[in-house]
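Notes for the one structure printed next.
Order of the sequence lines fixes the chain letters, A, B, ..., with proteins taken first and strands second; residue numbering starts at 1 for each chain. Both backbone and side-chain heavy atoms feed into the values below; hydrogens, waters and symmetry mates do not.
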Amino acid sequence: MSTEERLRDEEDAAEPQAPSENGAKGNMRGSAPAHGRDIVARSSAEVIGTSVVERTDAESSLEPEQELMTVNLGPHHPATHGVLRLLVSLQGETVIDLKPIMGYVHTGIEKNCEDKSYWKAIPFVERMDYLSYFFNMQAFVGCVEKMLELEIPPRAEYLRVIHMELNRLHSHLVWLGTSALDLGAMSMFFYCFRDRDRILDLFEMSTGQRMHTRYFQVGGVFEDIPVGFERKVRAFTQEFPSRIDQFEALLTNNEIFLQRTKGVGIVERERLKALGVTGPLLRAAGEPWDLRKVEPYLAYADFDFDIPIGTVGDGWDRFRCRIQEMRESVKIIEQAIDGLPEGPVLADDRKIVLPPRHELSTSMEALIHHFKLVTEGFRVPPGECYYPIESPRGELGCFVLADGSAKPARVHFRDPSFVNLQSLRDMCVGEYIADMIQNLAMLDPVLGGIDR
Amino acid sequence: MPDAPGLELIRAELNDAHPDAITGSYYEHGQACLVCDPAQIREVLAWLRDTPGQEYTFLASVHGVDYLPAEPRFGVHYELLNMARVERVRVRAALADPGPDALPELPTVSDEWPTADHQEREVYDFFGIVFTGHPDLRRILMPEDYVGWPQRRDFPIGGEPVIFTNTERDVPGWYA
């Protein structure tokens, strides 16, 4: 038993019964904690000085002569890709234990959605994972469409696919630039952000916004693409594979990069599945699991693309998987632009979809529908639905519970970053602290998605 | 997805193996859901994972739902996935509200399904549903000294009072 534990035991013995106003605090496990409905009734003793001290489990298993250093990495460290705090127990330079602590950018988006009508919740949910906003939108909008049993026109499906795959490229480019930066390859950051900016320019052209576009809506997409967008996308997809070649020329066989990533952070495939890990992390370990292939949604069944997988699942495999995924995304975008069907971009259900603007001045019904939809929103029949899609980080699932009103009763996002982060401990324990930075970079968490 | 008759078969077989474990089932939007007695949630999930022919080995998501005003009020959803057949089934542990002074409880599954660890903490954090046996059941996204269960339906949006110097005496406990 360590000294600390002994000390704690003595403290417990010294005051066997905590005073009743304090009794429910501290360890809020099985004992009935202070109930929160009456939030104004809590005493100051419950607010100050009772928080649990964060510690990792490693300290309890120490021999007396061992020395352990506990280090806080983050929450304001550039290598944590956001406000992630890692409590790391170190012995020398070796990571003995690790505990991720999050919640620093929790903004209560799920709760806020319950107070918004469905169409007003769309811009909210896309701000969760701020690098894959089209995916967040598709998860939510697709879920609502499934509950409404609403079919969207084929052109809208294709436009969604084009934007989501561009978004995947954008997300992977940010990952590649920042991860290479973590490993010391500074110029990669500039090259990646240069190309990322071209994608944002494309988004600006088609949707009017560079990020957080609110382009998808229930029933299709907000607007048809402008003239010249196709040409710009084609120019981009023609050039981009050569850019990927350049990235690979810089990194793939780079001696330093190989030494930093080869054989680092390997977790067994079965263990990854037990941890619920999905996306490029799981594919790098050799599991060909991609929801675009196995449960095709939207128009993904129409396209010819491959699912890149790795062999051992080390950092290098994860890198190679994502690079290859970018090439596959380019293939999908090209096919979608080539096969883009003509027709409307919004479904024709006037109870759900806003009428075209020009009808408002000529049609009384259109005006009434418009008024009802904007003031109240459409109603969704009672029921619940879980709708998973493949985001750049893995399975992004949206759960919506509808109670028959115009507002959702519950919106939950199963964010891949949140679940994948649990595998970080398995990757890092027993390795050097420098490898932890590499593991975190290849894990690609987005804290906006973790904290929601 | 198992279809509607397939779901009833699973329900009947599960009830044979674990009497009274499944209290209901429904099939909507092409998704199958089993309503389960929370005390037997471990047995039900283990049966769905280990029984030949079921093999739902991947736990995709765990999340909480507050069905207020329906009874039983709370639900903890386990989205199970069979990767080989690409079939999903949802298990819903239906928990009654034990009243304002207690919290609903059900056993943890985080030892058998490591992915449930953080997700159960999230459900606890937002709904005040206690997972007995969980190794580290603390708040995960809300501040650790936060009081209240913010995702419950009776928790108001913007629930914390805004305190000004002229009103701080009216809100006990919020000033030092």
Open item on the list: I'd like to know if B:Asp117 and A:Arg425 make a salt bridge, using a cut-off of under 4.0 Å between side-chain N and carboxylate O.
Closed with: no

Task: Per-residue contacts, residues 77-84 of chain B versus chain A, heavy atoms under 4.5 Å - done: B:His77, B:Glu79, B:Leu81, B:Met83

Task: Donor on one side chain, acceptor on other, B:Gln31 and A:Tyr387, under 3.5 Å - done: no

TODO: Heavy-atom distances under 4.5 Å only: say whether A:Leu401 touches chain B with side chain, backbone, both or neither.
DONE: side chain

TODO: First locate atom CG of A:Asp403, then atom CG of B:Leu68, and finally report the distance between them rounded to the nearest 0.5 Å.
DONE: 10.5 Å

Open item on the list: Could you check whether atom CG of B:Asp20 has more than 12 heavy atoms from other residues, nucleotides or ligands sitting under 6.0 Å from it?
Closed with: no

Open item on the list: Report which part of A:Thr278 has an atom under 4.5 Å of a heavy atom belonging to chain B: side chain, backbone, both, or neither.
Closed with: side chain

Task: With sequence neighbours excluded, residues passing salt bridge (Lys or Arg N to Asp or Glu O under 4.0 Å) with B:Asp50 - done: none

Task: B:Gln119 side-chain N/O to A:Val419 backbone N/O, donor-acceptor pair under 3.5 Å - done: no

- [ ] Work out which heavy atom in B:Glu122 is nearest to a heavy atom in A:Phe418; give both atom names and the distance.
- [x] OE1-CE2, 3.3 Å

TODO: Please tell me if the side chains of B:Ser61 and A:Phe399 come closer than 4.5 Å, counting only heavy atoms from C-beta onward.
DONE: no

Open item on the list: So, taking the atom named CZ in B:Phe58 and the one named CG in A:Leu282, what distance separates them when rounded to the nearest 0.5 Å?
Closed with: 6.5 Å

Open item on the list: Using ring centroids (six-membered ring only for Trp), state whether B:Phe126 and A:His106 fall under 6.0 Å.
Closed with: yes

- [ ] Could you tell me whether the side chain of A:Lys111 and the main chain of B:Phe155 form a donor-acceptor pair under 3.5 Å?
- [x] yes

Task: Interface moiety of A:Val277 toward chain B, non-hydrogen atoms closer than 4.5 Å - done: backbone

Open item on the list: Less than 4.5 Å to any heavy atom of chain B: does that hold for the side chain of A:Leu421, its backbone, both, or neither?
Closed with: neither

- [ ] Measure B:Glu112 against the heavy atoms of chain A and call it side chain, backbone, both or neither at under 4.5 Å.
- [x] neither

Open item on the list: What I'd like to find out is whether the side chain of B:Ile140 reaches to under 4.5 Å of the side chain of A:Met102, using heavy atoms alone.
Closed with: yes

Open item on the list: Would the distance check show the side chain of A:Arg414 and the main-chain N or O of B:Ala60 forming a donor-acceptor pair, the cut-off being under 3.5 Å?
Closed with: yes

Open item on the list: Quick one: does any side-chain atom of A:Arg410 pair with a main-chain N or O of B:Gly64 as donor and acceptor, under 3.5 Å?
Closed with: yes

Task: Selection from A:Gly397, A:Pro100, A:Pro388, A:Gly108 maximising heavy-atom pairs under 4.5 Å formed with chain B - done: A:Pro388

Open item on the list: Quick test of your reading of the model: are B:Arg88 and A:Glu395 salt-bridged, counting only N-O distances below 4.0 Å?
Closed with: yes

Open item on the list: Surrounding CD of B:Glu28 (heavy atoms of other residues, nucleotides or ligands, distance under 6.0 Å), is the total greater than 12?
Closed with: yes

Task: Region of A:Tyr104 in contact with chain B, defined by heavy-atom distances below 4.5 Å - done: neither

Task: Atom pair CZ/SG of B:Arg90 and A:Cys385 - distance to nearest 0.5 Å - done: 7.0 Å

Task: Non-hydrogen atoms of B:Pro114 and A:Ala274 that approach each other most closely - done: CD-O, 3.4 Å

TODO: Measure the shortest side-chain to side-chain distance between A:His412 and B:Gln151 over non-hydrogen atoms and say whether it is less than 4.5 angstrom.
DONE: no

- [ ] Measure A:Glu384 against the heavy atoms of chain B and call it side chain, backbone, both or neither at under 4.5 Å.
- [x] both

- [ ] Answer yes or no: is there a side-chain heavy-atom contact under 4.5 Å between A:Glu110 and B:His63?
- [x] no

Task: Any side-chain heavy-atom pair of B:Val86 and A:Trp289 under 4.5 Å - done: yes

